[in-house]
There are 2 protein chains.
Amino acid sequence: MTIKDVCEKFGITADTLRYYEKVGAIPKVGRSQGGIREYDDEALSWVQNAVCLRKAGVSVEAIAEYVRLFNMGDETFEARLDLLSKEREELGKQLAELTEAVDLLDWKISRYRKAVETGVLTWDKEEGE
Amino acid sequence: MTIKDVCEKFGITADTLRYYEKVGAIPKVGRSQGGIREYDDEALSWVQNAVCLRKAGVSVEAIAEYVRLFNMGDETFEARLDLLSKEREELGKQLAELTEAVDLLDWKISRYRKAVETGVLTWDKEEGE
DNA sequence: GTACTATATGGAGTTGGCTCCAAGTCAAGT
DNA sequence: ACTTGACTTGGAGCCAACTCCATATAGTAC
């Protein structure tokens, strides 16, 4: 699979993909004789991992650290577990903050729907809503 | 309430608070004769709004746009509703991506717990887990 | 009033994560 | 073989959101 295919598959640019490889967020990708990247299934699953975690806000640095530990072999199971656990904890916090913001927005939106309807904006909670 | 109190209350720096005011993510805060910021309840709720939305990843620019519309008065109910709805939609996507990443991490963590226990890392789903 | 700490301002600097560019190489079509 | 378009590299540039700094003024304790 070429870099272009991978880009399309994951909705990211070739530059981003090369950048991830450069900083180690994915392991080195195999090349053709000509030096062109060829993504196999394993490479793809690394890309998927990186893209998924990045979308959730995990830093490129943390992802790269995981890859580094992975490449060091079986001695690093615990270190990897620690790393993943810490990141998981962060995402838990992030999830709580996101939920809070969603609630805030939903509340405001409900008030503005009413305001658009009635011409008056109120922040009072009313009965029967 | 002084800027320091507000910082402590929300866990952000004074610089950030001044920055939010400068770019309009919160309305101008009242000052003492000497020019020192004095946050009243209304100012506090604007700060809370900004902090909550920022933590969820809403851009400073979007928050400032909301404040701008707010200051324009009742003519902008619909514009504000549109803005909030769009941001709400973004947060919905973000929530889905975050949840996906959490699931990924939880799965990996479960595998690594087993690996630390047994010395062998496997990615096979097993019966009875 | 003096000393000391907090705050104000404008503007420069930093960081993370891309994003773009130049110059060159590779691959596919004709 | 030649053209055209995709891919390569190293490195520069960009943007959002802070973060830091220098200098000056305000408030507080004694």
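So you know, we letter chains A, B, ... as the sequences are listed, proteins then strands, and number each from 1. In this text, all values refer to a predicted model and were calculated from it rather than measured experimentally.
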Taking 4.0 angstrom as the limit, do [X] and [Y] come out as a salt bridge?
X      : Y      : result
A:K93  : A:E90  : yes
A:E117 : A:K114 : no
B:K55  : A:E100 : no

Close residues, residues 25-55 of chain B, relative to DNA chain C [heavy-atom separation under 4.0 Å]
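Nucleic-acid contacts, sorted: B:R31, B:G35, B:I36, B:R37.
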
Donor-acceptor pair, A:T13 side chain versus A:T16 backbone, under 3.5 Å?
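Flag set: sc A:T13 to bb A:T16 pair under 3.5 Å.
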
Who are the side-chain contact (heavy atoms from CB on, under 4.5 Å) partners of B:T2, not counting sequence neighbours?
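Residues passing side-chain contact (heavy atoms from CB on, under 4.5 Å) with B:T2: B:K4, B:D5.
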
Run the side-chain contact (heavy atoms from CB on, under 4.5 Å) test on A:Q48 and A:L44 for me, step by step, so that the C-alpha distance in whole Å, both residues' side-chain angles and the decisive distance to 0.1 Å come before the verdict.
CA-CA 6 Å; A:Q48 170 146 46; A:L44 281 183; over 6 Å; no

On a heavy-atom basis, which atom in [X] and which in [Y] lie closest, and how many Å separate them?
X     : Y      : value
A:Y20 : A:A50  : CD1-CB, 4.3 Å
B:R37 : B:E21  : NE-OE1, 2.7 Å
A:A56 : B:A101 : CB-CB, 3.3 Å

Anything under 3.5 Å between a protein N or O and an N or O of nucleotides 19-23 of chain C, put it in a table, one pair a line.
from   : atom 1 : to    : atom 2 : distance (Å)
C:dC20 : N4     : A:D15 : OD1    : 3.3

For residues 57-70 of chain B, tabulate all N or O donor-acceptor pairs below 3.5 Å that involve a side-chain atom, not counting sequence neighbours.
from  : atom 1 : to     : atom 2 : distance (Å)
B:S59 : OG     : B:A62  : N      : 3.0
B:E65 : OE1    : B:R68  : NE     : 3.0
B:E65 : OE1    : B:R68  : NH2    : 3.3
B:E65 : OE2    : B:R68  : NH2    : 3.2
B:Y66 : OH     : A:Y112 : OH     : 2.8

Enumerate the residues from residues 89-104 of chain B whose closest heavy atom to DNA chain D is under 4.0 Å, giving them by residue number; use none for an empty result.
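Per residue number, the list is empty: none.
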
Do B:W123 and A:W46 belong together in a cluster built from hydrophobic side chains that touch within less than 4.5 Å?
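Yes.
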
Hey, where on DNA chain D does chain B first and last touch, going 5' to 3'? Cut-off is any atom under 4.0 Å from a heavy atom.
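In short, chain B contacts DNA chain D from D:dA17 to D:dG27.
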
Counting neighbours of CG on B:D41 that are heavy atoms of other residues, nucleotides or ligands and sit closer than 6.0 Å, is the number greater than 12?
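Incorrect, the count does not exceed 12.
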
